[in-house]
Amino acid sequence: MVDLENLRTIAKETISREDVKYFIGWREGTYGFSVSPHFVREPAEADKLIFSPLCSNNLATYLTLAEKLPVPRGQEPDTRKVALMVKGCDSRAVVQLLVERGIEREQVVVIGCPCQGVIDTKKVEQLLGQPENVVRARWEKGKIICQLPDGEKEFIKEEVLAQKCLKCRYPNPVIYDILFGEKVEPWCQEEDFQEVKEIEGLTLQERWDYWQEKFSSCIRCYSCRNVCPLCYCEDCILDRLNPTWINRSVNISENTAFQLSRAFHLAGRCIECGECERVCPVNIPLMKLNKKLSKAVKEMFDFEPGLDPEAKPLQASYRPDDKEDFIL
Amino acid sequence: MESLKLDKDKLKDFIAALDSKKVYAPQKVGETIKFAPVNGDLEVSLDFANTTVPPKEIVFPQTETMFLFEQGGTDINLTKGGAEKVLLGVRPCDARAMSVVDNLFSWDIDDPYYLDKRKKITLVGLACLEPPLNCFCPSVGGGPASTEGLDILMTDLGDAYLFQPLTPKGEQLCQLSSELLQPAGAEDNARAEELHREAEKKITREVDIKGLAEGLPSLWKSEIWKEVAEPCLGCGICTYLCPTCHCFDIQDEMEGLDGRRCRMWDSCLFKEYTLHASGHNPRPSRRERQRNRINHKFSYFVDKFGVTACVGCGRCINLCPVNIDIVDILSKVKEAL
Amino acid sequence: MSEKFEPNIVAFLCNWCSYAGADLAGTSRIQYPANLKIIRVMCTGRVNPLFIVNAFQQGADGVLVSGCHPGDCHYMEGNYYARRRFSLIRELLEYIGIDPRRIHMSWVSASEGAKWKDVVEKVVAEAREAGPFDQFRRNKINW
């Protein structure tokens with residue numbers, strides 16, 4: 001059971017600290033299974049905080065998404081810490097940001113929340129439709145319970161959990177200052193990359209047919225880029241007009257180039273929180289691209305990002321004996 | 001013209017009878033539901049509620065060539081107009097959206113690219129008898145059976161569709177397949193009206209937009225915008241998939257010595273949308289961008305054309321990854337006024 | 001098509017080794033296929049994987065990245081970074097269905113004019129086998 005009283009107390013204490021700017025958590029959304037990130041600036045606002053199987057947003061995104069506007073003359077920039085709640089996967093994003101020095105350790109207060117998996121709203125809406133009222137959900141004895149207008153409904157994990165959670169190996173935060181709740185037992189030891197292997201088993205033509213269909217539906221809203229906690233370049237190649245690496249026009253050529261560069265820029269960095277795939281309005285299976293690179297990184301360099309804050313970034317390091325059987 | 005009836009199992013024949021025009025209907029393309037050309041082997045289903053991608057992309061494509069040119073030359077080649085199209089199963093909100101956007105593209109200088117496509121399109125609407133959760137069309141002046149912008153309104157009567165031709169264009173279309181359509185009786189019309197009334201009752205979300213157009217500018221410096229924009233990711237979902245959002249960017253593309261000028265959708269939620277060449281950005285943060293989005297729909301557009309640029313289709317609510325809910329924003333705005 | 005297909009290869013050569021190696025092949029009058037469009041870069045470490053994607057978009061049928069042997073980089077370690085990057089983009093391109101016979105990397109030093117010939121012959125032959133590339137060429141789509 002999630003002790004919300006305790007969560008709200010932690011939040012109130014944290015936000016009352018002088019060195020904390022704001023506290024980011026989750027709150028109930030406005031309808032059905034929706035949940036929204038919640039920014040707590042005053043202790044009173046902490047009463048809206050929740051932590052449930054519906055909290056899929058990776059809040060680490062907001063560490064780098066926060067806009068750095070010019071400070072008016074005579075004012076000092078606000079250098080206070082940001083407190084944020086992280087699930088296991090989200091915490092890996094924090095670690096990876098530390099590795100890349102996208103943030104500094106003293107800029108954040110990490111509230112680690114051991115997680116038993118979050119609901120994929122697309123899956124659950126297929127089962128139940130879109131309920132009008134806000135649905136609450138909770139974990140109980142390895143099951144997911146949704147409170148619906150006509151009573152509670154129990155689901156086994158496989159029915160409703162997001163794909164990434166079924167294979168989750170890091171349900172417990174790998175970095176935290178305050179731990180909220182008790183650590184849980186991981187339910188998956190080994191990543192088997194099953195989805196990737198399925199595609200690898202296809203012929204080249206079949207693979208292209210598959211991806212061509214997916215890439216063609218891309219509308220280039222860039223939500224996958226924006227939601228990603230690790231896509232935080234101030235000057236993104238996609239926004240650049242001079243030189244224009246990737247034309248703005250939407251067609252299979254530019255969409256493929258966009259998708260390749262998005263995925264590639266996360267090679268050895270993606271911590272597999274699955275946010276890109278969740279937010280995609282046209283349902284492109286982006287995690288199948290990211291996972292492929294994770295698999296390659298694991299096999300070739302025996303590396304997993306977002307675990308060790310002292311590690312060196314994969315593509316900014318090398319070993320003289322890196323595999324090179326492909327070289328002529 | 002009197003209303004007509006079409007047996008459901010004759011829908012395919014009806015589409016075939018329109019072979020002089022290109023017929024588009026909602027279809028699942030890949031993982032997305034959008035309007036796509038109907039061809040023989042695809043099963044046409046009108047059961048989808050709102051398509052993910054609105055039909056605006058038929059008249060205002062995401063990428064559209066304006067003219068072709070050659071490097072070093074002085075001639076330009078204007079693109080030719082497209083074919084006559086029929087959109088089957090358009091939801092009333094999306095049709096209304098087109099009549100809203102018509103205002104803009106025929107204001108000041110006529111936009112030949114948009115208007116050419118718009119003139120050649122016949123909109124066959126389908127009343128929403130099961131409106132999805134986040135619809136709020138009645139609040140913004142529409143309704144699940146609104147006829148504005150439509151040429152024909154269809155209503156699902158169970159085993160048949162009731163056709164109500166609304167414009168000469170719609171009547172012409174009915175004549176093309178006159179042998180398939182039978183005259184409808186008074187009881188059919190009454191049944192349809194009842195269904196429309198019931199549908200409207202099923203819509204639960206509502207917001208009162210009276211006074212917003214005049215009131216919004218007074219909230220220019222309000223904290224509301226900060227609150228709204230705080231979780232915003234700054235992506236283009238809500239604007240790209242909005243049936244009334246119509247902003248575009250113009251770019252030149254070269255391939256070898258051949259070039260084209262084209263325009264493509266743009267979004268006021270992108271940072272570079274207002275970025276000046278000098279590096280100055282008059283809308284420096286998502287707070288200003290979200291404020292613009294709401295103001296444009298509910299204030300600027302109303303000032304200019306007298307209509308609200310929101311038709312209540314609910315797409316932005318359904319698809320926003322961080323639950324930025326336009327109905328919720330508007331009710332907060334109303335409270336603050 | 002009656003005309004024989006001649007693949008277009010875009011080759012990114014490092015200034016210090018492979019470019020000089022290709023030059024040596026030329027001055028030694030070693031004949032090698034003329035399908036290459038060479039782009040000289042200061043180091044293979046400068047080759048952004050987007051260069052490869054972009055080359056395919058703009059009409060390449062194959063791409064070659066060539067630099068100094070490991071340990072010989074003029075900038076000490078540029079080619080090591082390039083190797084990591086290249087191995088990943090190659091995997092990714094193959095995964096979405098791009099023929100790996102179109103994507104090559106080689107080490108050719110300034111003194112290896114003869115090796116350069118072998119590399120080019122192999123790259124051209126493989127691209128020829130793979131055929132014309134059209135999967136995501138720009139090709140005036142919807143102009």
Side-chain angles (χ1 to χ4, degrees), chain A residues 196 199-200 202-212 214-216 237 243-247 249-261 263-268 288-293 295-297 299-301 303 314-328, chain C residues 45 48-54 56-58 64-67 69-71 77-108 115-116 118-123 126 130 134-143:
Chain A
V196 177
I199 294 183
E200 284 173 339
L202 303 173
T203 65
L204 286 171
Q205 186 58 45
E206 285 165 343
R207 285 184 224 173
W208 174 247
D209 291 345
Y210 176 83
W211 285 112
Q212 187 181 25
K214 307 290 175 201
F215 292 163
S216 303
I237 50 145
T244 315
W245 279 109
I246 294 168
N247 283 340
S249 50
V250 175
N251 55 46
I252 185 62
S253 175
E254 308 303 335
N255 288 3
T256 307
F258 158 57
Q259 292 292 352
L260 286 174
S261 54
F264 187 81
H265 282 175
L266 289 165
K288 288 189 182 172
L289 286 177
N290 296 344
K291 283 257 184 183
K292 164 68 193 174
L293 286 165
K295 178 169 176 275
V297 163
E299 284 171 358
M300 286 194 276
F301 311 114
F303 181 84
L314 180 87
Q315 291 200 56
S317 57
Y318 66 90
R319 285 167 52 120
D321 59 345
D322 277 342
K323 197 175 112 186
E324 60 164 39
D325 52 0
F326 52 87
I327 290 198
L328 293 178
Chain C
N48 186 326
L50 259 178
F51 290 3
I52 300 173
V53 173
N54 216 262
F56 281 123
Q57 276 188 290
Q58 299 195 46
L64 169 66
V65 179
S66 187
H69 285 272
E77 50 192 16
N79 53 357
Y80 287 124
Y81 294 118
R83 184 172 64 185
R84 275 206 166 176
R85 233 173 270 159
F86 184 85
S87 59
L88 289 169
I89 190 75
R90 191 169 181 273
E91 287 273 327
L92 184 61
L93 284 166
E94 193 179 339
Y95 183 65
I96 67 155
I98 311 302
D99 199 322
R101 289 177 296 182
R102 303 182 187 282
I103 316 150
H104 295 281
M105 187 171 189
S106 66
W107 306 137
V108 174
K115 181 178 177 188
W116 174 247
D118 296 342
V119 165
V120 174
E121 279 177 351
K122 184 159 189 315
V123 168
E126 292 212 350
D134 60 354
Q135 282 156 312
F136 62 93
R137 261 187 81 169
R138 283 203 173 129
N139 231 352
K140 301 187 183 172
I141 303 169
N142 296 334
W143 272 34

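So that the names make sense, note that chain A is the first sequence line, chain B the second, and so on, each numbered from 1.
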Peer 1: Find the one option among A/Tyr210, A/Phe301, A/Phe215 whose heavy-atom pairs under 4.5 Å with chain C are most numerous.
Peer 2: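 Ranked by contacts with chain C, first place is A/Phe301.
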Peer 1: Highest number of heavy-atom pairs under 4.5 Å with chain C: which of A/Glu254, A/Glu200, A/Gln205?
Peer 2: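 Greatest number of close heavy-atom pairs with chain C: A/Glu254.
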Peer 1: Run the side-chain contact (heavy atoms from CB on, under 4.5 Å) test on A/Trp245 and C/Phe51 for me, step by step, so that the C-alpha distance in whole Å, both residues' side-chain angles and the decisive distance to 0.1 Å come before the verdict.
Peer 2: CA-CA 9 Å; A/Trp245 279 109; C/Phe51 290 3; 3.1 Å; yes
Peer 1: Checking ring pair (Phe, Tyr, Trp, His ring centres under 6.0 Å) for the pair C/Phe86/A/Phe326: CA distance, chi angles, key distance, verdict?
Peer 2: CA-CA 10 Å; C/Phe86 184 85; A/Phe326 52 87; 5.8 Å; yes
Peer 1: Show your working on ring pair (Phe, Tyr, Trp, His ring centres under 6.0 Å) between C/Tyr95 and A/Trp208 and close with a plain yes or no.
Peer 2: CA-CA 8 Å; C/Tyr95 183 65; A/Trp208 174 247; over 10 Å; no
Peer 1: Going by side chain to side chain contact (heavy atoms under 4.5 Å, CB included), A/Phe264 matches just one of C/Ile89, C/Ile52, C/Leu93. Which one?
Peer 2: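 For A/Phe264, the side chain to side chain contact (heavy atoms under 4.5 Å, CB included) check succeeds only for C/Ile89.
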Peer 1: Where does C/Arg83 contact chain A at under 4.5 Å (heavy atoms): side chain, backbone, both or neither?
Peer 2: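 Looking at C/Arg83, backbone and side chain both touch chain A.
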Peer 1: CD1 of A/Ile237 to CG of C/Leu50: how many Å apart, nearest 0.5 Å?
Peer 2: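 If I round to the nearest 0.5 Å, the distance is 4.5 Å.
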Peer 1: Take A/Gln212 and C/Gln135 through the side-chain hydrogen bond (donor to acceptor under 3.5 Å, both in side chains) test and state the conclusion after the steps.
Peer 2: CA-CA 9 Å; A/Gln212 187 181 25; C/Gln135 282 156 312; over 6 Å; no
Peer 1: Without swapping roles, check the side chain of C/Arg85 against the backbone of A/Gln315 for a donor-acceptor pair under 3.5 Å.
Peer 2: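 Not a single qualifying donor-acceptor pair exists.
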Peer 1: Within the structure provided, determine whether A/Leu204 and C/Ile98 are in side-chain contact (heavy-atom separation under 4.5 Å).
Peer 2: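 They are not in side-chain contact.
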Peer 1: Rounded to the nearest 0.5 Å, how far does CD1 of A/Ile252 lie from CG of C/Asn142?
Peer 2: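 Atom-to-atom, C/Asn142:CG and A/Ile252:CD1 are 11.5 Å apart.
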Peer 1: Do you know which two heavy atoms are closest between A/Met300 and C/Leu88, and how far apart they sit?
Peer 2: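 Closest approach of A/Met300 to C/Leu88: CE-CD2, 3.9 Å.
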Peer 1: To the nearest 0.5 Å, what is the distance between NZ on A/Lys323 and OG on C/Ser87?
Peer 2: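 These two atoms lie 7.5 Å from each other.
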Peer 1: Would you mind telling me which of C/His104, C/Arg90, C/Lys115, C/Glu94 has the largest number of heavy-atom pairs within less than 4.5 Å of chain A?
Peer 2: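 Of C/His104, C/Arg90, C/Lys115, C/Glu94, C/Glu94 has the most heavy-atom pairs under 4.5 Å with chain A.
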Peer 1: Is there side-chain contact between C/Tyr80 and A/Arg319, with heavy atoms separated by less than 4.5 Å?
Peer 2: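 Not touching, per the 4.5 Å side-chain cut-off.
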Peer 1: Does A/Lys295 come within less than 4.0 Å of C/Glu91, counting only side-chain N to carboxylate O?
Peer 2: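 Salt bridge: no.
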Peer 1: Which region of A/Asp321, side chain (C-beta onward) or backbone (N, CA, C, O), has a non-hydrogen atom less than 4.5 Å from a non-hydrogen atom of chain C, or is it both or neither?
Peer 2: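 Contact with chain C: backbone only.
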Peer 1: Can you tell me how far CG of A/Leu328 sits from OG of C/Ser66, rounded to the nearest 0.5 angstrom?
Peer 2: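 Between C/Ser66 OG and A/Leu328 CG, I get 8.5 Å after rounding to 0.5 Å.
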Peer 1: Would a distance-only check, ignoring hydrogens and angles, find a side-chain to backbone donor-acceptor pair under 3.5 Å from C/Arg138 to A/Ser253?
Peer 2: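 Pair absent, no side-chain N/O of C/Arg138 close to backbone of A/Ser253.
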Peer 1: Restricting to non-hydrogen atoms, name the atom on C/Tyr81 and the atom on A/Ser317 that form the minimum distance, rounded to 0.1 Å.
Peer 2: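 The pair with the smallest heavy-atom distance is CE2-N, 3.5 Å.
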Peer 1: Let's test your reading of the structure: which of A/Leu260, A/Asp209, A/Asn251 forms the most heavy-atom pairs below 4.5 Å with chain C?
Peer 2: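 Of A/Leu260, A/Asp209, A/Asn251, A/Leu260 has the most heavy-atom pairs under 4.5 Å with chain C.
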Peer 1: Less than 4.5 Å to any heavy atom of chain A: does that hold for the side chain of C/Asp99, its backbone, both, or neither?
Peer 2: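 Contact with chain A is through both the backbone and side chain of C/Asp99.
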Peer 1: Report the distance from atom CG of C/Asn48 to atom NE2 of A/His265, rounding to the nearest 0.5 Å.
Peer 2: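 Answer rounded to 0.5 Å: 5.5 Å.
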Peer 1: What I'd like to find out is whether the side chain of C/Ile96 reaches to under 4.5 Å of the side chain of A/Lys292, using heavy atoms alone.
Peer 2: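 Not in contact.
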Peer 1: Decide yes or no for A/Phe258 and C/Val53: does some side-chain heavy atom of the first lie under 4.5 Å from some side-chain heavy atom of the second?
Peer 2: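 Contact flag for A/Phe258/C/Val53 side chains = no.
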